[in-house]
Number of protein chains: 2
Amino acid sequence: MAKGSVSDGARKPRKTYEQIITHIREAISSGKLHPGDRLPPEVDLARSLGVSRPTVREALKVLEALNVLESSTGPTGGTFVKPLDGAGVADYLMDSISLLLDVQELTLEELWTARGAIEVPLAGMAALKRTEQDLAVLRGIIESDEYRDFHAYFPDITFHTTIAEASRNRLLSLFMLSIHTTIKALAERYVLPEAKQVSQDQHRLIYEAILDQDEALARRHMKEHLQMAYEVYREAVPKKDTDEATKEVSGDNA
Amino acid sequence: MAKGSVSDGARKPRKTYEQIITHIREAISSGKLHPGDRLPPEVDLARSLGVSRPTVREALKVLEALNVLESSTGPTGGTFVKPLDGAGVADYLMDSISLLLDVQELTLEELWTARGAIEVPLAGMAALKRTEQDLAVLRGIIESDEYRDFHAYFPDITFHTTIAEASRNRLLSLFMLSIHTTIKALAERYVLPEAKQVSQDQHRLIYEAILDQDEALARRHMKEHLQMAYEVYREAVPKKDTDEATKEVSGDNA
DNA sequence: TCCACCCTATTTGTTTGACAAATTTCTACC
DNA sequence: GGTAGAAATTTGTCAAACAAATAGGGTGGA
């Protein structure tokens, strides 16, 4: 029958498009599909799986949203397996965290506490594992004059990201990045506080601790840096009332 | 009028189904849609948005995959806004972490280091914030005799989850849960080591520290507990060869 | 009265076939 | 040889229907 290659095995996902999703995921996990590989055109895929194109598309769109696939039009286009580098995961996490904040399933305090729990050890690990190249990058950031020009967030986020990379822990880096990006989005939504110079000084302290491979000192300075930053942000971001959802938003819902 | 309500505003998402996705997301973020709310049937949605049903469905399937919506068939069925409690995020994270491990974009060592970085502070916070009820639950777990009966993982995961909840930080709890679930899946895939009794003893030590509200001690015992567990797992889980992907999987891919 | 069964209504799930839009490649013309 | 336009390829969107699942109501029987 050649078709119906999806319907073998697992019975858990009853719906066709879910079967296709797991089919493709397994193909990637098991190495049958590698990052960068191009999938057959939707029409061919549908035919070879014995299903219709809309059904295939539902599966593809889901995997696209999950940052597993990527598609574009044209002869050179098609659907490709995305390199799985965790950046997509961080994006998703960032979206989710923002949403949780919006819906009050998360408080600013929890967010900042989590940031501290992750970034303080990260700084310590970076102090132990940093390479000469990491140091060079950090030095470049600290000595950059962008601290004044821009939102004061470009150097900050790259500084912290570089430390995360220097720690050589990609999972904590991912967590850190998603939290940091969320905070950055918040900072942009409300006014961004002027803490540039202070931030720059503190960055220098952290850098020097990492330079000296002084784990404890790196942790302490990072901790102080974050506490200071939290103070600033807590005042800038307005407290959400328990229900301010009653604001007019040109509602058409009926 | 009734149609085209999607096409206003932002130009970033050019594709129709993406516009619908952000449309619904914004409706949730802004409070126009609450968890538990039921969306109109797909046909009505399509008509009121001025698009076709397959397009609407692509958007809905994506939001379903993102754990934002949920749908079922039948008269009482339909598409509903999911209560946004972070459990879905943890699920997604768990999947992603597993995938990253499979593709060697993450090592076991990184995973366990991250676990330590998160759970050690978590234990400390729990020691400070625990309530009488938290203590009661923990006590129940420790004194349970399931440590011998089952996989030895049921009590473990509930114990750690309870501590996470006692810390009152939902973001770190979410991270912790996703890591823990990933490790549990690994443990089930390979044989699960027999470390039950030791685990139970260590749990008791952690519990007592939390009981006494001794933050430092709680952290230390958690740290030791995790280090011990890591030793066991590192030996149980085989190191992945750089390519063992060449195993036959009844491949039909042409 | 009560219960089991079927029948119907509602909603998502899936199929078919077509056309539109985007994008690259090929080709003809200058 | 270069450039503009036509053709080919692939995803994006549309339309109308049928299939499957599920809940509720109605009917018949005990």
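So you know, we letter chains A, B, ... as the sequences are listed, proteins then strands, and number each from 1. Scope of the values below: all heavy atoms of this structure, side chains included, with no hydrogens, waters or symmetry mates. The shown structure was predicted, so the numbers you read here are calculated from the model rather than taken from an experiment.
Looking at residues two or more places apart in sequence or on another chain, you find no side-chain hydrogen bond (donor to acceptor under 3.5 Å, both in side chains) involving Glu105(A). Applying the salt bridge (charged side-chain N to carboxylate O under 4.0 Å, His left out) rule to Glu42(A) yields the partners Arg53(A), Arg57(A); only residues at least two apart in sequence or on another chain are considered. With sequence neighbours left out, the salt bridge (charged side-chain N to carboxylate O under 4.0 Å, His left out) criterion links Glu165(B) to no other residue. With sequence neighbours left out, the side-chain hydrogen bond (donor to acceptor under 3.5 Å, both in side chains) criterion links Arg25(B) to no other residue. When the salt bridge (charged side-chain N to carboxylate O under 4.0 Å, His left out) test is applied to Arg168(B), the partners found at least two apart in sequence or on another chain are Asp134(B).
Along DNA chain C, the stretch of nucleotides lying under 4.0 Å from any heavy atom of chain B spans, 5' to 3', dA9(C) to dT14(C).
Side-chain contact between Ser178(B) and Ile97(B) is present, with heavy atoms from C-beta onward closer than 4.5 Å. Residues Pro40(A) and Ser48(A) are not in side-chain contact: their nearest non-hydrogen atoms beyond the backbone lie 4.5 Å or more apart.
For residues 62-70 of chain A, proximity to DNA chain D is found at no residue, defined as any non-hydrogen atom under 4.0 angstrom from a strand atom.
Straight-line distance from the NZ atom of Lys15(B) to the P atom of dT10(D): 17 Å, rounded to whole Å. Rounded to whole Å, atom P of dG12(D) lies 11 Å from atom CD1 of Ile21(B). Following rounding to the nearest Å, Gln19(B) (CD) and dC14(D) (P) show an atom-to-atom distance of 10 Å. The distance from atom CG of Leu45(A) to atom P of dT10(D) is 12 Å, rounded to the nearest whole Å. The distance between atom OH of Tyr17(B) and atom P of dT11(D), rounded to the nearest whole Å, is 12 Å.
Among pairs with a residue in residues 49-75 of chain A, none fulfils ring-ring contact (aromatic ring centres under 6.0 Å, His included), at least two apart in sequence or across chains. Residues in residues 57-105 of chain A take part in these ring-ring contact (aromatic ring centres under 6.0 Å, His included) pairs, two or more places apart or across chains: Tyr92(A)-Tyr92(B). Applying the side chain to side chain donor-acceptor pair (under 3.5 Å) test to pairs two or more places apart or on separate chains, those with a residue in residues 62-90 of chain A are Lys61(A)-Glu64(A), Glu64(A)-Ser71(A), Asn67(A)-Lys82(A). Sorted pairs that involve residues 87-98 of chain A and meet salt bridge (charged side-chain N to carboxylate O under 4.0 Å, His left out), not counting sequence neighbours, are lacking altogether.
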Measure all distances between protein nitrogen or oxygen atoms and nitrogen or oxygen atoms of nucleotides 16-24 of chain D, and list the pairs falling under 3.5 Å.
from	atom 1	to	atom 2	distance (Å)
dA17(D)	N6	Arg53(B)	NH2	3.3

